[in-house]
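A short write-up of the structure that comes next.
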Amino acid sequence: MSSFSFLDSGLGLTVVVFLPLISAIFIFLIPKKQEMLIKLITLGSAIVTFLVSLVVALQFDFNDAAELQLGTKVSWISSINSNYEIGIDGISLPLLLLSTFISVLAIIYSFEHLPEPKNAKGMMSLILILETGMNGTFVALDLILFFVFFELVLLPMYFMIGIWGDKTVRSVSGLKNDIETRLYASIKFFVFTLFGSAFMLLGFLGLYFRGNKTFSIPELIELGTNGAFTGTFATLVFAVLFLGFAVKVPMWPLHTWLPDAHTAAPTVGSVLLAAILLKLGSYGFVRIALPILPEQAVAWAPAIAILSAIGIIYGSLACLAQTDLKRLIAFSSVGHMGFVMLGISSLTSIGINAAMIGMVAHGIITGLLFFVSGSMAHTYHTRDMGRLGGNMKLLPKTGAILAFTAMASLGLPGLAGFWGEFMALLGAYNPLPGLNVTIFRSSMVAGAIGTVLTAGYLLWMLQRVNLGEPKEEWIDQELHDADNYELVAWIPLVILTVLIGVFPKLIFGATNDAVIALVAKAFGG
Amino acid sequence: MSIQPILIAAAALFSIGIYGILVRRNAVMVLLSIELILNSVNINFVAFNAMLSDVFLNGQIFSIFIITIAAAEVGIGLAIVLMLFRNRETANINEFDLMKW
Amino acid sequence: MEAIDIFSYFLLLLLLLSGIKVVTTSNVIHAAIFLVFTLATTAILFILLSAEFVALVLVLVYIGAVIVLFLFGVMITRAPLGPNAELDNDQNKLFATLISLSIFGIFTYILLQTFDSTVVISEGTSTKLLGEILLSRFVFPFELVSFVLLGALIGGITLARKDNALMDEDQI
Amino acid sequence: MVNQNFVNFLAEGKPEYTDGGVIAEFTWLIVVLPFLAALFITFLGKYLPLKGAELALGTVLFIFLYSSALLYEHATKGIANEFFINVGSIGSYDLEFGWVVDGLSIMMYFVVGTVSSLVFVYATNYMQGEIRYTFFFTSLTLFAGSMLVLVSSPTLLQLLIGWELVGVCSYLLIGHYWEKKENSSAAMKAFITNKIADIGLMIGIIVLALSTKTLRISEILYQSTHDYEDIKTVAYLGGVLLFIGAMGKSAQFPLHVWLPDAMAGPTPVSALMHAATMVTAGVYLLGRMFPFYQGMASEALDVVLLFGVITLLGAGLVAVVQDDLKKVLAYSTVSQLGYMVTAMGSGAYTAGLFHLWTHAFFKALLFLGAGSVIHAVHTNNMSEMGGLRKEMPRTFSTFIIGTVALAGLPPLAGFFSKDEILASLNHEGHNIYFIISVLGAFITAFYMTRAVLLTFFGEYRGDGHPHESDKMMTIPLIVLSGFAIVAGWVNIPGVYTGFTTWVTTRKNAIVEYHPESFDLVAMFSGFSAGIFGIGLAYYVYQLSGKAVDGDQKIKIKPIWKILENKYYLDFIYFKFIIDPVKITFAKFIDSFNTNILDRFVNGVGVTASKAGDIVYKNLDQEGIDKVLNLSSSGTDTIGSKVKLIQTGKTQQYLMYFLVGVIVISLIILLVL
Amino acid sequence: MTIVTAISLDLLLPRKLKYIVALVSILGSLIAFVPIIFQYANYSSPEILFEGSYVIDKFSLILKGLFILVTYLTFLLSVNFVESDEYYQGEYYFLLLSSLLGALVVTSSRDLLTMFIGIELASTPMFLLSGWKKGDQKSNEGSIKFFLLGVLSASLILYGFSLLYGVTGKLVFSDIANTLIQSDLNQSPVTLLSAILILAGIGFKISIVPFHSWAPDTYEGAPLPVTAYLSVSSKATGFVALIILISKVFYDSGQGLGIILVFISGITMFVGNLSALQQTNPVRLLAYSSIAQAGFILAPMAVAGITSNYEDGVYASVTYLIIYAFMNIGAFLVINLLQRNIQSDDMYDWGGLAREMPLAGIFAVIFFFSLAGIPPLGGWFAKFVVFRSLLSTGEIFGLSLGIIGAINAVIALVYYSRISKIIWMDSPNENVKSNNDTLIPSPLRVVGFVSLILTIVSGIFPGIFSNLGEASSIFFNS
């Protein structure tokens, strides 16, 4: 790969992170009327970003996946000893690729499917800014840098929901006045995540002061695995980190922002939210919370496992009660992320690997589900499953992909979703030695029951939405089946779902060594 | 003599001034009360100067500055009161509650 | 106790009484006059404390200029010149008394605790020295204070000036 | 690629076994080909002359031929080999796919290949003109592929994958006519019931994999036959869990409820999946894991046996009261699966598989025959059939062969396999189970005869004019009836026991009883049960003149009612599991979410806002007003109202300020 | 010598510009920036003048630069404002420059008298300017409230100063501090009382609870640019004075004072934020927000008072001040821009305005979310350094203040996001008349872009500003 050597020493990753942002700024300067130009630039930059990330992946030395590679460390805020320190290892690489890839698809989808009020300029630049935040979080190796990128996603998503979101007015329990869904959802999303991250920042600072005044994640990991952080201090720090990440994941009972945000967000917003934003939280656990505070991770693991198990069951049961298609899918994310967290909480290489593939798979599958459901909501102008039905007849292509994705989402073996669920259960059965086996096995059983419930609500959803005869109100209407833009955005995800399902080495090949090294370092096993 | 009576008198004058600004309705009267307060500070400075036998006369100089500033404040205060009066036909500060909430 | 001490106590008593009158009298003109009285008493006190120059400034600036300004202000705002029961905000009185008394209490408590030295009465003037110090060590604040005055002057005039065109426009 | 442990293990005592050479190495073709074909059918099928059916047919024919070749090779030389492809590592575990070529899998390949080929041929005609014809063949092909993934799996992981894929295909096929809600509900029911059972399989696999540190079946078996300690501790648990999985697919009581409902799918589907292949997956699993069960988890086998027996009797009884022809066959299938499981549970490995083998052919035959009938009369209800033997002679005769084979009369296939099971039960001394099994054989003969009589004899009770089906449908029937006759001959005690050698490649691993010659007790009781059943049914139904009235004679009300309601299982499931979950729990959680969690969150927001209100209005803006009013209320009550209006804010601000100073001073001077 | 010339230049500039139009003032304030830069570049050691009462060190230079820049931006903000309503331009600019001069003096003042004069010089022009909208009764009212409280606060400061003088007989801070230590009076009641009185007086300027009550009314009444100046420069002046006093005079009498400040800071955040939640008038909202921000800026100094680790505290406060200045000016600019189009005191009348004025909409997003502390906008770093200094010692007060700060950051987000929400997401209010004045005059454009760039740069490369903060934090050792 010598021909790409100019992308060494962090340049490639830097491009991956900042190219979208630069393009976004560039787009700001283009007059609003040049819509096509804006779209093309956006797409171009997203594709270039994706290609560069592919090149980075090619350069990545998979035999040494446990090591952080292709990074750099440049002084950033010298007065607080914070650096522009980036790099990727086997854990972050798949997520980075996922992020750049989904962004491209989201932009392709947006070409013809801008929600009201159109404004391509705004939407495109928000997507690009969002991409920078997401990519940045996955490559950042400095707590402060991580924090900045982690938070960078808030604003674009807030506006995406708030401006392009669902405009129906609904009543909200506890509030006297009815409120537009998008407004409620956007502020809820924002406040929740900010609440978590404000405390997370305090935790970062705590680490900084106890850890020789460094924000560098690798250095802190070194310190943490050597037992530098102990006692009440560590408990507090882990608590706030947990809060910060758990809100994002989201773990029960901090999940309540998610159904609202997903339901209200425009299609692309839900896709990006589900596919990547949620991963920031779980990635944070794997990258920061576990290795830096291993002792605390062990102490907290049972609690996390229980919460995950509750999340799985809770999310699935909540799904069964939904009438709103997107809300159902949103709640399904609670359940699926529960599996991811269950895997992480086992603190074994199996569990964490499961979490990694679970993240990627959930990103792909739920992303696709939101694509499809968003598109359907757009076509039918309703998300009420009671009114839908016979979708397979009305929109065969969309329906087929919906069915496929639902199957993938329920963890069908041979498709991507299977590995995360199965392996998470596998990990939870035998957690790290020293953890309370009863709790974990109970959680595993709960998770296993969750798989049945998952199958239940997804099939039920399919039955209500896809199958049966179309309702009268749709029969004479002209409904548009998936067009080419949509198919171009969706088919790659379908293919990826199958590929990862059949050949999980695509993910495990990268993550396994890194995860083993992480577990060995942090927990000695 | 002891410095204490002087200081207590100054403190008393200060409190009287405070009472004045809290009770008076007419803005001009409030300004008068403020002068009392400033004057009490002057007494403090001069008395301390005398007590310390400060050869640099810091206290006296300070009080001269205070007097000057006080004069300026009065000027400003009156200007504002005048402006208020123009607009409201009253100088009672307790009637200015447009921005209660 | 020396005579001058008795005089000083008397002076201080006078100071306080006139001060109280300033804030309690129901006649605006009386208030201004009592202020003059207070300031005059203060000036005498300053002379006793060997601060002749300060006393002089006090008399010149306050009694000469400021009081006139006050009276002017009283006139121009057409405050009732006779006794006026509405001059005070009765509602505030209780609290005002409490507040001022507690401030007085705190101050006195601390002052009595801290300061118990004596002061030398009437040692002699030091005006020349004062002038020298003022124009050497304190020349910078001296310059600055001129800005304060200038600002007050300019701003005061601008604000107080009657500005027909503007007023009419805004008051519609 | 070849696991040496396993080769040795397979060949222990039989060194002459070969690795199968090229033909074994390319077995992956038959696994992969269906998936490719499915892809092509989906996207290109519409443009082909036969709408994609030819691709599907070609594929299964290839499978048939290939598996025949394998079978021949195996029968002559003996093959034992397995192949692995690493698809990722996770922790210290290798995730592997692959294919195993040994007697058991070859037998299954052959069953799948044969039955599929015939059903496919049949379906091209049967489904002619039906909706989603092409997609139907996609699903069928996918199913064949999934089944092959399942049976070819050398690792538990691949087994699980194939297992669930089979479930999905069954979902697709049962729900083929998804316009009607009952059909999609039946599909869902099948899927969910299987999924519930899969929890057992999944956890079982997890338990086994974690204690043996491998996912390879052969290694697990090796460890279980070589007294490894780790696996011993979990053997019982693992065995039971795996069996729970098997119960789902192989429709064992009480998880059998999905199978009768699955008859909502087109009949070829029922023939292929719910008779011959998919439902045998559970038995196949037990067979595949048999050395483990026998070596480690013999207590678990007792559980297996118990459920097998319950199923064979329970389902048989329900079959008696069914009016729907396909449902009779469905319950019969459940009952026969009970036999297979009983065999496995009693340790009769070969017998169980042998019954699987024979049953696949004659049950497929019966289903296809039923399909032929239904195709002709457009109803499933036997009360609207009758007298069809004249109109549909070929269907009739083949159906009779199937019935006789099922009833267990010599020399047809069912006789030999059932006999081997009974012999094994007898030999093991499971007397009660033996009696029940014989009773089961009697019931089997009874309800099958009842079905035949109601369908083909008497007067035609339906509308229209039924006529014999097309050749494309009858030829498979004829071929299958051939199999139904001869399939049993591959394992005649004392005469030819080829089948035993085929499937028992693990010479030392499986210790089981093989009758040197016929077990006379078993043979006689089995045979007479069959005869007696047929006779009784004939007596009840045919002699009564009007076939339908036969039911009235044997109707013992309470029992009948229980049977008609299928032991109230569905009722219980819905009342106590599904409804609570779907309605009560889900609604509760949802309302918890909106009314408690969300309300709490919103409440925090509202509280903050209220706090803001209080701070701003009452403290920041109005605080002193209130205090002042309080203080002056006693002294000046009349004027207080006026004064409130006149309250000057400025002086209040000043007061704030000073009070602040005083308070702070006092705190600092007195407290700190 | 360059330093002396610079001071004289500082001194002379305003006088020269008396009665000269805006342009000259603006240029003048820019020109004044130049010597500051030179001085900073050639800085070697602190320059001490007038027997220690006037010191030029990095701290003062940095803050002088800040004040000049802020005033420059205020000028730009004022141009259209003053012109449009035919206000007295010359006087207006002169008064602003006088106030600037006062602020500049405060940064360098190291004795009681100079500081007092500096504070007075900085605030008296503001009393006048806040009443500059002569015909507007709200402006009048705000002005008189501001004035009366201002004078009272000045009196309190003076009384406090007099006590300090009485105890030590000195005016220069270092002398006072030495004398206090020598005579062991650091913790004596009189020192504390003087500290409290001075704190209260300065507390008025920085508008911390309970000395904040004037702020909303005055902000609402005053001309918008003046309000911006008040909330930024005037407040910063107070903070500079507070920082100097705490770290130069009372640095060893901290414990009790620090605890009081901790409480004040916490209460200030809560009162400011919770009250801001209730506001519909954007200016009042910003007023309360600036009260809350004052709590944030105060927090590091409070904890520094307890732990006597002033370096971190000053660093955090100064960095916060610098970043806060630009984003707050920007916020006022946004309100100015929006008000130009729809003249309303109720921000809910601005629904959907950003569609018409996208640039203003983007400004609103950037500045308000920066105030809320959302990365990558500058505000996050300001908050971050505050948190950092709060947690630096592990002190329980610092920790609790950190948690209070975190909670408040969340509360604040709600109202900061509200304006963006209204102008971007709400639908236009039918009953409101728009002036259709969507054009942004170039001076305002400059303000917008300068603040925008500084806000974003300070968020992305906080190193630049944090270096300034760090440099300034060393001053108290010198």
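Only a predicted model underlies this, so the values are computations on that prediction, with no experimental measurement involved. Every chain is numbered from 1 and lettered A, B, ... according to where its sequence line falls, protein lines coming before strand lines.
- Contact annotation: the side chain of C:T158 approaches that of E:W132 to within less than 4.5 Å [non-hydrogen atoms, C-beta and beyond].
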Next item on the list: Give the intermediate values and the outcome of side chain to side chain contact (heavy atoms under 4.5 Å, CB included) for residues E:V105 and C:F140.
Entry: CA-CA 10 Å; E:V105 169; C:F140 187 55; 4.0 Å; yes
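- E:P125 does not touch chain C: none of its heavy atoms, backbone or side chain, sits under 4.5 Å away.
- Residues E:V190 and C:F107 fail the side-chain proximity criterion, which asks for heavy atoms closer than 4.5 Å.
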Next item on the list: Please lay out, stage by stage, how E:L171 and C:F138 fare under the test side chain to side chain contact (heavy atoms under 4.5 Å, CB included).
Entry: CA-CA 11 Å; E:L171 290 184; C:F138 292 108; 3.6 Å; yes
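- When each of C:L111, C:V145, C:I110 is checked for heavy-atom pairs under 4.5 Å with chain E, C:I110 comes out on top.
- Contact detail for C:G151 and E:L128: the closest heavy-atom pair is O-CD1, 3.7 Å.
- Of the atoms belonging to E:F116, not a single heavy atom falls under 4.5 Å from chain C.
- Proximity to chain C (any heavy atom under 4.5 Å) is shown, for E:L129, by neither the backbone nor the side chain.
- Relative orientation of the E:F94 and C:F147 rings is parallel, given thresholds of 30° and 60° on the angle between their planes.
- For the pair E:V172/C:R137, a side-chain contact is recorded, criterion being any heavy-atom separation below 4.5 Å from C-beta on.
- For residues 101-115 of chain C, the side chain to side chain donor-acceptor pair (under 3.5 Å) pairs, not counting sequence neighbours, are C:Y109-C:Q113.
- The most heavy-atom pairs under 4.5 Å with chain C, out of E:L193, E:T124, E:L197, come from E:L193.
- Using a 4.5 Å heavy-atom cutoff, the side chains of E:V167 and C:F115 are in contact.
- Pairing each heavy atom of C:L159 with each of E:G131, the nearest pair is CD2-O, 3.5 Å.
- Pairing each heavy atom of E:L95 with each of C:G155, the nearest pair is CD1-CA, 4.1 Å.
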